[in-house]
Peer 1: 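One structure coming up, written as structure tokens, with questions to follow.
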Amino acid sequence: MKYFWVLTFAVVLIWSGIDPKDQFTWFLEVVPAIIGAVILASTYNSFRLTSLLYGFILAHCIVLMIGGHYTYAEVPFFDGLFGAERNNYDKVGHFFQGFVPALIARELLIRKNVVNGDRWRVLFIISVSLAFSAFYELIEWWVALMTGENAEAFLGTQGYIWDTQSDMGLALLGAIVSVLLLSKFHDRQLNDIAKP
């Protein structure tokens, strides 16, 4: 699994960096994936995560790298999808931005025994995921302020005035779906890790 993860990450990262639509946007989009990979590599021996979580982190990194290669507004096959007037690939990215951090938060909260009780844990998981999404929207805003027009491709609003709110809404939906669909399977993998 480890070698497959590293190989897939490296191949997609290299592909995404070959003649991207906008070099600055590519850099902004893939930096979170690279930071994540460095964190995973540095904690692999001391705090190994479940294979479920590693798999979804890789999927999220791939979403980021595809968006970086094309820019989120120009990813093929997403123009006019389901009758939309805009390219909605960024909505896939923001769904993952809630879905994957929810799994990360869930695994950390359970393994570190931070929150007792399933209901409180779900509240914390969803809150952490939504806070992460809101923080990312703030980063987008700060980048736009610092770089001016160069940030248009990074922001990917495509003229949609409710882009920020819908981005956070999709992250919230992603977090809820993640908790509802994967908790039992995630618990089985966490139990396997807990066994001596």
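Side-chain atoms are counted along with the backbone in the values below, which use heavy atoms only and exclude waters and symmetry mates. Position 1 is the first residue of the sequence, and the numbers go up from there.
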Peer 1: Kindly write out the residues that satisfy side chain to side chain contact (heavy atoms under 4.5 Å, CB included) with Val11, not counting sequence neighbours, or none if the list is empty.
Peer 2: Leu7

Peer 1: Any side-chain hydrogen bond (donor to acceptor under 3.5 Å, both in side chains) involving residues 12-21? Give me the pairs, sequence neighbours left out, ordered by first then second residue.
Peer 2: Ser16-Trp26, Lys21-Glu74

Peer 1: Indicate the ring-plane relationship of Phe96 and Phe99, choosing parallel, tilted or perpendicular according to the 30° and 60° boundaries.
Peer 2: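 Tilted: the ring planes of Phe96 and Phe99 meet at 30° to 60°.
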
Peer 1: How long is the span from the OG1 atom in Thr71 to the CD1 atom in Ile66, to the nearest 0.5 Å?
Peer 2: 13.0 Å

Peer 1: Taking CZ in Phe27 as the centre, count heavy atoms belonging to other residues, nucleotides or ligands within less than 6.0 Å. Is the count above 12?
Peer 2: no

Peer 1: Measuring from Asp118:CG to Arg121:CZ, what's the distance to the nearest 0.5 Å?
Peer 2: 5.0 Å

Peer 1: Might you confirm whether atom OH of Tyr44 has over 12 heavy atoms from other residues, nucleotides or ligands at distances under 6.0 Å?
Peer 2: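 Result for OH/Tyr44: enclosed.
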
Peer 1: So Tyr54 and Trp5, would you call those rings parallel, tilted or perpendicular, with 30° and 60° as cut-offs?
Peer 2: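 Plane angle over 60°, so perpendicular.
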
Peer 1: Is there side-chain contact between Val12 and Leu58, with heavy atoms separated by less than 4.5 Å?
Peer 2: no

Peer 1: How long is the span from the CG atom in Leu109 to the CD1 atom in Ile125, to the nearest 0.5 Å?
Peer 2: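 Reported value, rounded in 0.5 Å steps: 6.0 Å.
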
Peer 1: For the residue pair Tyr89 and Phe78, does the interplanar ring angle fall in the parallel (under 30°), tilted (30 to 60°) or perpendicular (over 60°) class?
Peer 2: perpendicular

Peer 1: Quick one: closest heavy-atom pair of His186 and Glu107, and the distance?
Peer 2: NE2-OE1, 2.8 Å

Peer 1: Would you mind checking if Lys184 and Asp187 are paired as a salt bridge, meaning a charged N to carboxylate O distance below 4.0 Å?
Peer 2: no

